[in-house]
Amino acid sequence: MTTPSATPRLTPLHDVHAALGASFTDFAGWQMPVRYGSETAEHRAVRTTAGLFDLTHMGEVELVGPGAGAALDHALVGRPSAIGVGRARYSMICAEDGGIIDDLVVYRLAEEHYLVVANASNVAVVAPELVARAEGYDVTVTDTSTDWALIAVQGPASAEILAGLTELDVPSLKYYAIDAGTVAGIDVLLARTGYTGEDGFEVYCRPGDAAAVWDALSTAGESHGLVPAGLACRDTLRLEAGMPLYGHELDRDTTPYEANLGRIVVLDKPEGFVGQAALAQRKEEGPRRTLVGLVSTGRRSPRAGYPVVDPATGAEVGVVTSGSPSPTLEKPIAMAYVPPALATPGTRVQVSLRGTLEDADVVELPFYKRNS
């Protein structure tokens, strides 16, 4: 979600981006690179070689103490206490009514130490909410967002690029895992999670080290075709990968079940969690709407907010949440919420593109899945 700001925050890599010729956009109060030239070329580089992203705008909250796991079990829809040390899990923090406050990645750095990564637009809400929900548990909750810079190298060449810069066993680092080590001699946390549908790594470092890490990765990636990549191509990459984005597919009016993410909700936690009763009821009743993929039969792309129409009745029955031309599929694609009766793959619907109805077919997500 983009929030206009009179005085946007700058990442420690801002001057690097400017020197590379980046175009900037205000994103959740941050001045972030949106593209360096062609966003389509950046997108295709990530799919075929590698792209380098500055994700420092993401928020980090750390929980330390013997009660950290139990506090997170109470605060989130999953069971972080069951995450192994050095592993990660995708989760959500929901309100009492089941609405999604944010989607998160939870890393367990040590037995009593967790790192929760929140969306930039939501960390100001998530951090105090975690503090409140941890009350009564033996844990310290700290918003450490200003302590971290985050650089991601994504694409099929990313492991090879990193391997020459670290003593860590990069090929053996599992998906959704994290380890401490060095990159170019600089202390970092190295994670393998990703948000593009490709193999990829996230490097957490101190802000003062960010430029040195970026330069080392850029130099190591030159022979592999690595390019700097902005937020515009990150959005088309995640759309092709069918990954929801807060403010588009996820918000306070949506539960994990509508977003087809009910699998991350652990309803039988014995100590309960915030939103448990509402989510149990929603699961029993079934979702009122379902997130689906759409492939347009025309040339124009559905965009966020465009109505979805039932061709049998002409009634507006849903809404597009994200849409774009797909550089990989070379077709207009979108994600949308529709009634469950129209969610079966192969169903023909229509999208109103500024008053003009265009046919689109419901398809399974993701649109793109890499060969592993």
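Excluded from the calculations below are hydrogen atoms, water molecules and symmetry mates; all remaining heavy atoms, backbone and side chain alike, are included.
Electrostatic pairing of Glu249 and Arg289 does not count as a salt bridge here, judged by no charged N lying under 4.0 Å from a carboxylate O. Ion pairing between Arg79 and Asp268 holds under the 4.0 Å rule for side-chain N and carboxylate O.
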For this session: Show the numbers, then the answer: is there a side chain to side chain donor-acceptor pair (under 3.5 Å) between Asn119 and Ser121?
Result: CA-CA 5 Å; Asn119 284 293; Ser121 57; 5.7 Å; no

For this session: Start with the C-alpha distance between Arg282 and Glu258, add both sets of side-chain angles, then the distance that settles side-chain contact (heavy atoms from CB on, under 4.5 Å), and finish with yes or no.
Result: CA-CA 9 Å; Arg282 182 58 59 86; Glu258 278 85 41; 2.8 Å; yes

For this session: Apply the test salt bridge (Lys or Arg N to Asp or Glu O under 4.0 Å) to residues Glu330 and Arg44: give CA-CA distance (whole Å), side-chain angles for both, the deciding distance (0.1 Å), then the verdict.
Result: CA-CA 12 Å; Glu330 298 183 338; Arg44 288 177 172 152; 3.8 Å; yes

Problem set entry | Asp54/His14 under side-chain contact (heavy atoms from CB on, under 4.5 Å): CA gap, chis, key distance, verdict | CA-CA 9 Å; Asp54 178 6; His14 183 81; over 6 Å; no

Exercise. What do the steps show when you test Glu129 against Ile93 for side-chain contact (heavy atoms from CB on, under 4.5 Å), and what is the final call?
Worked result: CA-CA 9 Å; Glu129 194 66 41; Ile93 182 169; 3.7 Å; yes

For this session: Applying side-chain contact (heavy atoms from CB on, under 4.5 Å), run through Phe24 and Leu10 and close with a yes or a no.
Result: CA-CA 11 Å; Phe24 292 92; Leu10 306 181; over 6 Å; no

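Between Ala177 and Arg87, the shortest heavy-atom distance links the atoms CB-NE, 3.6 Å. Closest of all the heavy-atom pairs between Val61 and Val141 is CG1-CG1, 3.7 Å. Scanning all heavy atoms of the two residues, the minimum distance from Glu364 to Pro345 falls at CG-CG, 3.4 Å. What you find for Leu261 and Met92 is that their closest heavy atoms are CD1-CE, 3.3 Å. Between Trp214 and Pro228, the shortest heavy-atom contact is CZ2-CB, 4.0 Å. Closest of all the heavy-atom pairs between Ile100 and Pro256 is CD1-N, 3.9 Å.
Between Ser301 and Ser296 there is no side-chain heavy-atom pair separated by less than 4.5 Å. A heavy-atom distance below 4.5 Å is found between the side chains of Arg252 and Ile101. Side-chain contact between Arg47 and Pro327 is absent, with no heavy atoms from C-beta onward closer than 4.5 Å. Side-chain contact between Leu52 and Ser218 is present, with heavy atoms from C-beta onward closer than 4.5 Å. In this structure the side chain of Leu231 reaches within 4.5 angstrom of the side chain of Phe27, judged on heavy atoms. At a threshold of 4.5 Å between non-hydrogen side-chain atoms, the residues Tyr137 and Leu63 do not count as touching. Put simply, the side chain of Ile83 does not reach to within 4.5 Å of the side chain of Tyr176, judged on heavy atoms. Annotation: side chain of Leu55 is not in contact with side chain of Tyr195 (no heavy-atom distance under 4.5 Å).
Criterion: ILVMFWY side-chain heavy atoms under 4.5 Å apart, direct or through other members. Under it, Leu190 and Leu13 are part of a common hydrophobic cluster. Both Tyr246 and Ile264 sit in one connected hydrophobic cluster of ILVMFWY residues. Membership requires side-chain heavy atoms under 4.5 Å apart, directly or through other members. Following chains of ILVMFWY side-chain contacts shorter than 4.5 Å, one can reach Leu72 starting from Val139, so the two form part of one hydrophobic cluster. No path of Ile, Leu, Val, Met, Phe, Trp and Tyr side chains, each step under 4.5 Å between heavy atoms, connects Leu109 with Val183, placing them in separate hydrophobic clusters. The same ILVMFWY cluster, assembled from side-chain heavy atoms under 4.5 Å apart, contains both Val292 and Val320.
Asp359 places no side-chain N or O within donor-acceptor distance of the main-chain N or O of Thr297, the cut-off being under 3.5 Å. At distances below 3.5 Å, at least one donor-acceptor pair connects side-chain atoms of Tyr114 with backbone N or O atoms of Pro80. Remark: the backbone N or O of Cys233 is paired with a side-chain donor or acceptor of Thr236 at under 3.5 angstrom. Between the side chain of Glu271 and the backbone N or O of His74 there is no donor-acceptor pair closer than 3.5 Å. A distance-only check finds a donor-acceptor pair linking the side chain of His248 to the backbone of Thr321 [under 3.5 Å]. The backbone N or O of Leu353 lies less than 3.5 Å from no partner atom in the side chain of Arg303, so there is not a single donor-acceptor pair. Within the 3.5 Å criterion, the main-chain N or O of Thr166 finds no donor-acceptor partner in the side chain of Thr182. Side-chain N or O atoms of Lys269 include one that pairs as donor or acceptor with a backbone N or O of Gly78 at under 3.5 Å. A donor-acceptor pair is defined here as one N or O able to donate and one able to accept, closer than 3.5 Å; no such pair exists between the side chain of Thr255 and the backbone of Gly98. For Thr347 (side chain) and Ala343 (main-chain N/O), no donor-acceptor pair under 3.5 Å exists by modelled atom type.
More than 12 heavy atoms of other shown residues, nucleotides or ligands fall within 6.0 angstrom of atom CD in Glu167. Atom NZ of Lys283 has 12 or fewer neighbouring heavy atoms from other residues, nucleotides or ligands inside a 6.0 Å radius. In Glu285, the CD atom is crowded: over 12 heavy atoms of neighbouring residues, nucleotides or ligands sit closer than 6.0 Å.
For the atom pair CD of Glu284 and CG of Leu267, the computed distance is 11.0 Å after rounding to the nearest 0.5 Å. Note that OG1 of Thr25 and CZ of Arg35 are 8.5 Å apart. Values are rounded to the nearest 0.5 Å. Atom-to-atom distance recorded for Asp147:CG and Cys205:SG is 12.0 Å, nearest 0.5 angstrom. To the nearest 0.5 Å, the span separating CG on Leu130 from CG on Leu76 amounts to 6.5 Å. For the atom pair CG (Asn122) and CE (Met58), the distance works out to 9.5 Å, reported to the nearest 0.5 Å. The structure places NE2 of His43 at 11.0 Å from OG of Ser38, a figure rounded to the nearest 0.5 Å.
Inspection of the Thr254 and Asp251 side chains reveals an N or O donor paired with an N or O acceptor under 3.5 Å. Asp143 and Ser145 share a side-chain donor-acceptor pair at under 3.5 Å.
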With a 3.5 Å cut-off and sequence neighbours excluded, list the donor-acceptor pairs that the side chains of residues 148-163 form with protein atoms.
unit_1: Trp148; atom_1: NE1; unit_2: Glu62; atom_2: OE2; d: 3.0
unit_1: Gln154; atom_1: OE1; unit_2: Thr196; atom_2: OG1; d: 2.8
unit_1: Gln154; atom_1: NE2; unit_2: Glu202; atom_2: OE2; d: 2.9
unit_1: Ser158; atom_1: OG; unit_2: Gly155; atom_2: O; d: 2.7
unit_1: Ser158; atom_1: OG; unit_2: Asp199; atom_2: O; d: 3.4

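Checking each of Tyr175, Tyr107, Tyr90 against Thr193 for a side chain to side chain donor-acceptor pair (under 3.5 Å) leaves exactly one that passes, namely Tyr107.
Residues Leu291, Val295, Leu329, Ile333, Met335, Tyr337, Val363, Leu365, Phe367, Tyr368 make up the rest of the hydrophobic cluster containing Leu239, defined by ILVMFWY side-chain heavy atoms closer than 4.5 Å, directly or through other members.
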